[in-house]
Amino acid sequence: MAYDFSVIEPKWRKIWEDRKAFHVETDESRPKFYCLEMFPYPSGALHMGHLRNYSIGDLTARFLRMNGYNVMYPIGFDSFGMPAENAAIKMKTHPAEWTIGNIDHMTEQLKSMGCSYDWRRVVKTCLPDYYRWSQWFFLRMYEKGLAYRKHAPVNWCETCGTVLANEQVVGDGVCWRCETPVVKKGLEQWFLRITDYAEELLEYLGKLTGWPERVLTMQRNWIGRSEGVRFDISIADTDLSIEAFTTRIDTIFGITFVAVAAEHPIVRTLADRMTSEKRAAVLDFVSGISSRSAMERTAAGGDKMGMDTGFAAINPVNGARVPIWIADYVLMDYGTGAVMGVPAHDQRDFDFVRKYGLGIIPVVRVPGEPVPDPEKMESAAEADGVSCSSGRFDGLPTQEAIEKIGEWFESEGWGRRETQYRLRDWLISRQRYWGTPIPVVYCGKCGIVPVPESELPVELPLGAAIPPNGGNALLGCPDWINTSCPRCGGHARRETDTMDTFICSSWYFFRYLSPDSDDAPFRRGDAKYWMPADLYIGGIEHACLHLIYARFFTKVLSDLGLTDPNLREPFTGLLTQGMVIKDGAKMSKSLGNVVDPDEIIKRYGADTARLFILFASPPDKSLDWSDKGVEGAHRFLGRVWRLVEENIKSLASAGGSTVPMSDLPDAESRGLKRLIHSTIDRVTRDIRDERQLNTAVARLMELCNGLSSFTSRDGAGRAVFREGVESLLLCLSPFCPHICEELWEMLGHEELLAVSRWPAADSGALVVDTVTVVLQINGKLREQYSVPPGLSRDELAERVLAEEATKRRIEGLDVVRVISVPDKLVNIVVRG
RNA sequence: GCGAGGGUGGUGGAACUGGUAGACACGCCAGACUUAGGAUCUGGUGCCAUCGGCGUAGGGGUUCGACUCCCCUCUCUCGCACCA
């Protein structure tokens, strides 16, 4: 009987399901492991990235299950969002229909992979029994002031017809989904106060030791903390002032101008006090800047644009009058929207001054050198040094000057020290239909009124017709929009914006734990037992999106008292899988280098697909797809199959007992026994400690090769052979579960391999009879010798020096030194 | 520019705290079995060569000994990018 995966794979999936092999429950008496994967968006079909993600996840889940852990390993679908609406228009269907159809298809695909999910726990975020809890969280946050509505300049994507959060504007200022350049628009929108958590989000990054450094750095940069001084600069000959923020208050004596953002409100105020001609010029300049997208603004290659307002600012420390300019490099949404211009010590200010011919005043010098000549400066001196031309602060090292001048500003009442973050509050409104409705109504009398908890969920009207022009379908649902005010009973309008889908994915990993809970989003006890997730596997593209939002949500849930107060982080370990590459580029439809997982599974089986993916490269590195490599993996499984099938009689008669090393009569059997246990040892360490799944596979291939060439299959040898085959199947089963399960059954086992115990390496079987040591002469390899292990430094040197070959090698040479490393080598240093 | 991670055979990739570079696999070559084989099995395969030499992006250093540690340079990928 040949290896026929098309029969074996469905057979075992059915048996696993029938025997509920992967059902899991909260069980305080057992150690838990929560293995979480980034759930897919139901775009239509799985791609190779999914296959890789879930192969790694299933391997982990199966490995830990066999190692005695109570393993939570769930899956779900992140099923709200734009693509469903686009597809609905294109294919003349309804987003719900399209989405549910895709979920069904992808569920079949996921099942065909043989992943050991607890399928009872599937979460679909587009269903009311899920999103009602997103709405419920929103209400809790609204009560606490964490959800609020404000008018602000926001990011607008014309193609998607909606606003976006800052995190969803990527690259050169384009929409994360459709890559349309994003423009600013002033709108009243809902926000979540994630900035309240900026400090903790940053601080706790230091505790996430199981996260890749790369992701931590990206989040650190995104949160962007900086300490500085916020202070007032008064405007000469007016009653006005401007607030500025700086991290380099030590350079305050070097101000030669003040720059404000084009969008800064002071610009209008000042414009109103200008001559009509000047005013028109200024407003024209400002609207020119504002109308450009972020992409256009940065595309100019850093060339800075500015215009003099004609007004002067007064430096608080010395009364110096400096011009106030409008500059396009000053951003309204960071700091105060105004900066003090210190060209001597800030490259941007320097560039600006170069262009517009403003002055330069150096106020920091290199210790031991004179004050630099501003005429001869070629770039700004941004490095620390000592203060100069700064009155009584002269001679202070930069850090000390920052400290002292900051104190001075506070004591004079000119300003205060402050910490700034780049992180902005999370804009969650979306002018889209296919999302979680925001549970508020607008009443003419009462204003914003939250929908009472008892009326949740606010269900999305499924009858809505999707407008072909891409607008929000909810606007076409008057019966849904028009409602009564929960407070006064009068007429009210429902909020027609829905929530950002990243809300859905910010807490789904809690819902998995209590999927049937209908009086709370999840049960506290379940969360206490399972959270935080021990390993989270997914792509790095979510480093500053989902992974920040989910951390924020976890902290909020904890502060709302819904979870243990100590649960501050959702994911202990994070594994960011590498991309799947083909022909040197990421798989993509436009390049035409996509390989369809379905076809691979159909042609070679899921076991082969998984094995190849796990073998071809370490999980966190990119993976080069190779059709030949897949065939190689398939061939290997064929060899494993034949190893059992062709020896089944001998294997069956061997029984289950193992023979200790000392009872093995021949060297070959002892060698195999040693190989078996060193393989178990290495594979276990590779998976558990290093996540080096590719080398784990390599070890198992070596074991298979060793078993294939093993000849003494009688008596004690037969028992060792069987032990080897069983160990191979046990260790290989997390990689390719179906074939291993089938062969396991052929060996006469009734218990499922999937729930069998992972083998333990017998340290007694790891001992070796001899070791190979090498002779080096001046560090170059010359001879190899077999010696007993454990010789001392001197014994080894003596023994190697006594060898004829050694003597020949050093004959007539002057031995200067002999270095001996036990069990490794002897290096003879010679001269002449 | 800043930050992170890489650069090892024809290819994907191994190499524990410095101690036999190239595990394992792909490809290739040769052979066996076959009507045939893109099936399977066996052997070979870093480079140059006659001993021997050279090899982990390049250059320097530390060391008895360096893919591994230190310094410099080049290069690739990813992320951020006027953040005051």
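Only heavy atoms go into these numbers, but all of them, side chains included; no hydrogens, no water, no symmetry mates. Lettering follows sequence order; numbering is per chain, from 1.
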Trainee: Just the rounded figure in Å: distance from P of B:C51 to CZ of A:Arg808.
Mentor: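 One finds 16 Å between P of B:C51 and CZ of A:Arg808, rounded.
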Trainee: What is the nucleic acid contact for A:Arg230, judged by heavy atoms within less than 4.0 Å: base, sugar-phosphate only, or nothing?
Mentor: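 No contact.
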Trainee: When you check every protein heavy atom under 4.0 Å of nucleotides 59-72 of chain B, what one-letter string (B, S, -) results, 5' to 3'?
Mentor: -----B--------
Trainee: Roughly, in whole Å, what's the span from CG in A:Leu703 to C1' in B:C24?
Mentor: 13 Å
Trainee: Does A:Arg424, at its CZ atom, have more than 12 non-hydrogen atoms belonging to other residues, nucleotides or ligands within less than 6.0 Å?
Mentor: yes
Trainee: Could you tell me the separation between the CG atom of A:Asp351 and the C1' atom of B:A84, rounded to a whole number of Å?
Mentor: 14 Å
Trainee: What I want to check is whether the side chains of A:Ser617 and A:Arg52 have a donor and an acceptor closer together than 3.5 Å.
Mentor: yes
Trainee: Going 5' to 3' along nucleotides 1-15 of chain B, which nucleotides have protein heavy atoms under 4.0 Å from the base (write B), which only from the sugar-phosphate (write S), and which from neither (write -)?
Mentor: --SS-------BSSS
Trainee: I'd like the C1' distance from B:U73 over to B:G19, given in whole Å.
Mentor: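 Roughly 29 Å separates the two C1' atoms.
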Trainee: Within this structure, what is the CD1-to-C1' distance between A:Ile777 and B:G19, rounded to whole angstrom?
Mentor: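 Atom-to-atom, A:Ile777 to B:G19, this comes out as 16 Å.
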Trainee: Heavy atoms only, 4.0 Å cut-off, all strands: where does A:Arg220 land among base, sugar-phosphate and nothing?
Mentor: nothing
Trainee: Is it the case that A:Lys304 places NZ or CZ above or below the six-membered ring of A:Phe352, under 6.0 angstrom from the centre and within 45 degrees of the axis?
Mentor: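 Output no; distance or angle outside limits.
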Trainee: Show every side-chain hydrogen bond (donor to acceptor under 3.5 Å, both in side chains) that has at least one partner inside residues 626-637 of chain A, sequence neighbours left out.
Mentor: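 Counting only pairs at least two positions apart or across chains, the side-chain hydrogen bond (donor to acceptor under 3.5 Å, both in side chains) contacts touching residues 626-637 of chain A are A:Tyr604-A:Glu631, A:Thr608-A:His634, A:Trp625-A:Asp627.
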Trainee: Tell me the interatomic distance from A:Leu423, atom CG, to B:C80, atom P, rounded to whole angstroms.
Mentor: 15 Å
Trainee: Reading RNA chain B 5' to 3', how would its secondary structure be written in dot-bracket notation, given Watson-Crick and G-U pairs with both distances under 3.5 Å, brackets [ ] for crossing pairs and | for partners on other strands?
Mentor: (((((((..(((......[....)))((((((.......))))))(((...)))..(((((..]....))))))))))))....
Trainee: Test A:Thr336 against A:His264 for side-chain contact (heavy atoms from CB on, under 4.5 Å), laying out the working first.
Mentor: CA-CA 9 Å; A:Thr336 61; A:His264 199 295; 5.5 Å; no
Trainee: Checking A:Arg248 side chain against A:Glu382 main chain: does a donor-acceptor pair fall under 3.5 Å?
Mentor: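 Yes; judged by distance alone, with no hydrogens or angles, the pair exists.
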Trainee: Pick base, sugar-phosphate or nothing for A:Asn705, based on heavy-atom distances below 4.0 Å to the nucleic acid.
Mentor: sugar-phosphate
Trainee: In whole Å, measure the gap between the C1' atoms of B:G9 and B:C28 for me.
Mentor: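 To the nearest whole Å, 13 Å.
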Trainee: For B:G10, decide between syn and anti, treating a glycosidic angle within 90° of 0 as syn.
Mentor: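 For B:G10, whose glycosidic angle is more than 90° from 0, the conformation is anti.
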Trainee: Could you run through nucleotides 33-38 of chain B and give me one letter per nucleotide, 5' to 3': B if any protein heavy atom sits under 4.0 Å from the base, S if only the sugar-phosphate is that close, - if neither?
Mentor: ------
Trainee: Can you work out whether A:Cys544 or A:Val339 has the more 5'-proximal nearest nucleotide on RNA chain B?
Mentor: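 Here A:Cys544 is the residue nearer the 5' end.
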Trainee: Using whole Å, report how far OH of A:Tyr785 lies from P of B:G19.
Mentor: 22 Å
Trainee: Evaluate A:Val826 against A:Val773 for side-chain contact (heavy atoms from CB on, under 4.5 Å), listing each step before the verdict.
Mentor: CA-CA 7 Å; A:Val826 171; A:Val773 296; 5.8 Å; no
Trainee: Looking at the side chain of A:Met701, which of B:C24, B:U20, B:G19 is the nearest nucleotide?
Mentor: B:C24
Trainee: A:Arg685: what forms a salt bridge (charged side-chain N to carboxylate O under 4.0 Å, His left out) with it, not counting sequence neighbours?
Mentor: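 Checked A:Arg685 against salt bridge (charged side-chain N to carboxylate O under 4.0 Å, His left out); matches are A:Asp681.
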Trainee: Roughly how many Å is it from CD in A:Gln577 to P in B:C78, rounded to a whole number?
Mentor: 17 Å
Trainee: Starting at atom CZ of A:Arg422, determine the distance to atom P of B:A84, rounded to an integer number of angstrom.
Mentor: 9 Å
Trainee: Let's see if you can work this out: which of B:G19, B:A84, B:A25 has an atom nearest to the side-chain heavy atoms of A:Val330?
Mentor: B:A84
Trainee: Can you tell me how far C1' in B:A21 sits from the matching atom in B:G55, rounded to whole Å?
Mentor: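 These two C1' atoms come out 9 Å apart once rounded.
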Trainee: Which of these, A:Asn315, A:Thr246, A:Val339, sits in a side-chain contact (heavy atoms from CB on, under 4.5 Å) with A:Ile255?
Mentor: A:Asn315
Trainee: CD of A:Glu795: more than 12 outside heavy atoms within 6.0 angstrom?
Mentor: yes
Trainee: Counting the atoms with a prime plus P, OP1 and OP2 as sugar-phosphate, which does A:Gly224 contact under 4.0 Å by heavy atoms, base, sugar-phosphate, or nothing?
Mentor: nothing
